[in-house]
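Okay, structure first, notes after.
Numbers here simply count residues along the sequence, with the first being 1. Start at 1 and go down the list; that is how both ligands and their atoms are numbered. Bear in mind the structure is a predicted one, so any value in this text is a computation, not a measurement.
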Amino acid sequence: MASSTAPSAEQIQIVADQVQVHKFGGSSLADGFCYRRVARIVTEYGGASDLVVVSAAGDTTNRILAIIDAHQQAQATGDGTGIAQVLLNQLKKYQQGLIEDLLTGDRCAEILAQSNHDFARWQAWLDGKEIIERRAELLSYGELWSARLLSALLQQQGFQADYIDARTFLTADDAPEPHIRVDSSRRALLEIIAPRAGTRFVVTGFICADPDGNSLILGRNGSDYSATLIGSLIDAKQVTIWKDVAGVYSADPRKVKRVSSLASLDWQEAEELARLGSPVLHPRTFQPVNRERMVIAVRSSLKVENQQTRIGQYSDAEPQGKVLTGLGEVVLFRVDMNNAHLVEQIEALELTPLISWNEIPQQHAFYAYHQNHLDYMERWLEQLEPADRDAITPLSGYSMIALVGHRIKECAHYQTFAEELKTQTLRHFSVAPEQNSAVAILEQKLDNGLLNRVHSQLFNYRRSLGVLVVGRGNIGSAWLALFRRLRERINEQMDVRIIGILNSKRMWFDYAGLELTDWEQSFEQLARPYELSKLIPELANAPYDELVMLDLTDAVAVAQLYPSFFANGVHIISANKRGGSAEEGQYNEIRTIQHEYKREWYYNTTVGAGLPLNYALNDLRNSGDEIRSISGIFSGTMSWLFENFTPEVKFSDLVRDAKQRGLTEPDPREDLSCQDIVRKMLILAREIGLKLDWQDIDVESLLPEHLSELPLDEFMQRLDEIDTDMAALYEDAQRTGKVPRLLASFARQDDESVRARVGIEYIPEGDMLANLIPGENIFVIYTDWYHEMPLVISGPGAGKEVTAGGVQSDLNQLLSRLSHKDS
Ligand code: ADP
Ligand code: ASP
Ligand code: MG
């Protein structure tokens, strides 16, 4: 520990001119590697007499708080100190692990001994043998340990270094935000450091002491404030705040993709950003600063070479929206405007609200506060007269989004910001009194999706789309392969990333985007069990402007969740027919929710796989034509089976073969029972505006009743049992020179009802329908305009490649809709 002697005026001047302050937060000191890096930065980028302010290593402060909570809980409930003891052991292991990792020999032994001494005191406290009343005193250990260890490391590396416990010089009067006694603190600090030029001092952030020496803390994340405070006590020219980010960004990089680091911020802008609760800088950081003299640099301790943000006098810069910031939870305090003395009191508080406003008709004044300030506000409420307290109503369930930049109203970003928020339910929107920010209070949760969308609109980045791939079977695998091939082209429109691949049991998920090289292998290693219904509500937080779910399954369970996907902001592309062909009530529910949440739903591959059927039908209808009937072979599977069927082959062998080639549904009975075709008919009919439901379709199934309920394996073994009937069918057709084909048709009747049928028909051998290429679909379309000769669309209607291509075509449509700014 440092000793003190009185400094001369000359020494004080040297300190002001030469000493800079560096501050390292917990994330910069998380492990041994980080400590070494910090030691290197301090010695390479700092002078020999610089001050280094440190936070507690990693999440030490949180760990200490957890121990205190567990201890209090144990005392309240009379349970043992089990949990607190476990947490304390873990903390000791972590702290001593750092010491053992970083120090060697006698120095290691010495610091370990001090650490053991500290932890013995903690143990005594936990065992009730020693009373430590102040949380602040327990919390102070975090910073003390970091300072002691970093200075020992610097000494071990051969530098002249020492550490200072800030409680030995920084005095303050206790208050929700302690009032610093500036003069005495300055004197005390200079007494320690001025006589020892050439020594690097590591100083504890976050803590100070009252005049009696009791520990006080400067608020969570308070060591940014410690650093500028200490800088201003010695009148330093520069304070560098080293973070895990390369400066202040256009938004929180943990929540928003593609943020950019700002070269400079004006004092007022930085202060406003901190005031609005951005964790990047503590709100009091700027209070003590001499703005004429000091510059604050924010830079990355992880990537020293990256850009840094300089905070200083830059107010002549063009007005510009610079940082988008948000708070997930804010509390409104509603006060009766006529209670003048209460309004006066709340306005006189040291803590300024995020924003305040009056609603004249109801005579209400509103003050919005950050969730973190509730403690402060509650303490204030407690000391009010009961009548006054009753005149204040706290309202929760609100959030905040704000754009910071000086003379905000004069810049184009402001217009975009206001415009973009029109789609949200706003409780209030206004410009802060100093014109440094526009603040919106939302009557809803603030999710990262909204932050990303607004950020993209403001700063004109390419919009982003997160893709959730549900189903990793034939189509899923083929589409992923296709996507990898086309990725570059796709990414020209939007930044498209796969955020999850799911099969029915497990998912491999990462918001950052999955690396698709060897994805099957990664899936095997990394996929975890999940529940889709629980995953969906989480998706709103995905850091993307837009999300889409590709339903490449055949699962009813997935289709049932479509409304939930839409309601959580996710677009849908389905190759699964279960949604589009759901019975009427459920189908209408899906459509209603889809429209309510303005989401897109494409399912063009569900009929005719990749064929451009939907384009033709929509185009005709949009141009004024009406579809009268559609008939043909709608099933690629059935086409393949029947075009290959001759008296020489067994039908069951064909089914097996088709299943192997991935041409059937996972359970071929879906095809044989014609259910799959019925689904397509329903989808087609709905697409062209016909009212058709399951019971309206006359279905002739190829699947004998007795095979319909068996487990799939057993069914496949007993497949031969269909051969006799199928052979008889063929023979029957041959008697009149025809062949059997599975045809579907539906037609609009004069009374607007619909006649629909699917089943076997005998076709003359020379007919077009009897001579398709196996797997080919054919749609024969009669319309008002095409009534003498039909419009015919034919081509392959099944197969994983064409279907995957069709899914991609749907995705392309979605991309072109979404990539336009105003979509
Ligand atoms: P420290 O290591 O000093 O304790 P914090 O973790 O408290 O640092 O604060 C830095 C974090 O603040 C960053 O990791 C980042 O996620 C977050 N952050 C929020 N908004 C911004 C922003 N606009 N620019 C940079 N970082 C931001
Ligand atoms: N260690 C303290 C905290 O976690 C102070 C800081 O990190 O700035 O809040
Ligand atoms: Mg912090």
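- Residue contacts with ligand 1 do not include S250, since none of its heavy atoms lies under 4.0 Å from the ligand.
- Looking at D252 against ligand 1, both its backbone and its side chain come within 4.0 Å, counting heavy atoms.
- Side-chain atoms of Q155 come within 3.5 Å of backbone atoms of A161 as a donor-acceptor pair (strictly under, hydrogens ignored).
- Of the candidates G205, S223, S27, it is S223 that places a heavy atom closest to atom 6 (C) of ligand 2.
- Counting heavy atoms under 4.0 Å from ligand 2, residue S55 touches it through the side chain alone.
- For H282 against A274, the heavy-atom pair with the smallest separation is O-CB, 3.8 Å.
- Between G222 and ligand 2 there is a heavy-atom distance shorter than 4.0 Å.
- Ring pair F509/Y511 is perpendicular by interplanar angle, where above 60° counts as perpendicular and below 30° as parallel.
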**OP:** Could you give me the CA-CA distance, side-chain angles and deciding distance for R497 and D510, then say whether salt bridge (Lys or Arg N to Asp or Glu O under 4.0 Å) is met?
**Re:** CA-CA 10 Å; R497 299 192 196 184; D510 188 346; over 6 Å; no
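- Looking at S27, G326, P279, it is P279 that brings a heavy atom closest to atom 9 (O) of ligand 1.
- The NE2 atom of H71 sits 11.0 Å away from the CD atom of Q85 when rounded to the nearest 0.5 Å.
- Closest to atom 13 (C) of ligand 1 by heavy atom, among V280, D244, L262, L265, is D244.
- Residue R220 places at least one N or O, backbone or side chain, under 3.5 Å from an N or O of ligand 2.
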Subject >> Test log, rule side chain to side chain donor-acceptor pair (under 3.5 Å), inputs T285 and Q287 >> reply: CA-CA 6 Å; T285 310; Q287 266 179 19; over 6 Å; no
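- Inclusion of K23 in the set of residues having an N or O under 3.5 Å from an N or O of ligand 2 is not warranted.
- Only the side chain of E143 comes within contact range of ligand 2, with a heavy atom under 4.0 Å; no backbone atom does.
- Remark: side-chain polar atoms of S399 are paired, donor with acceptor, to backbone N or O of Q444 under 3.5 angstrom.
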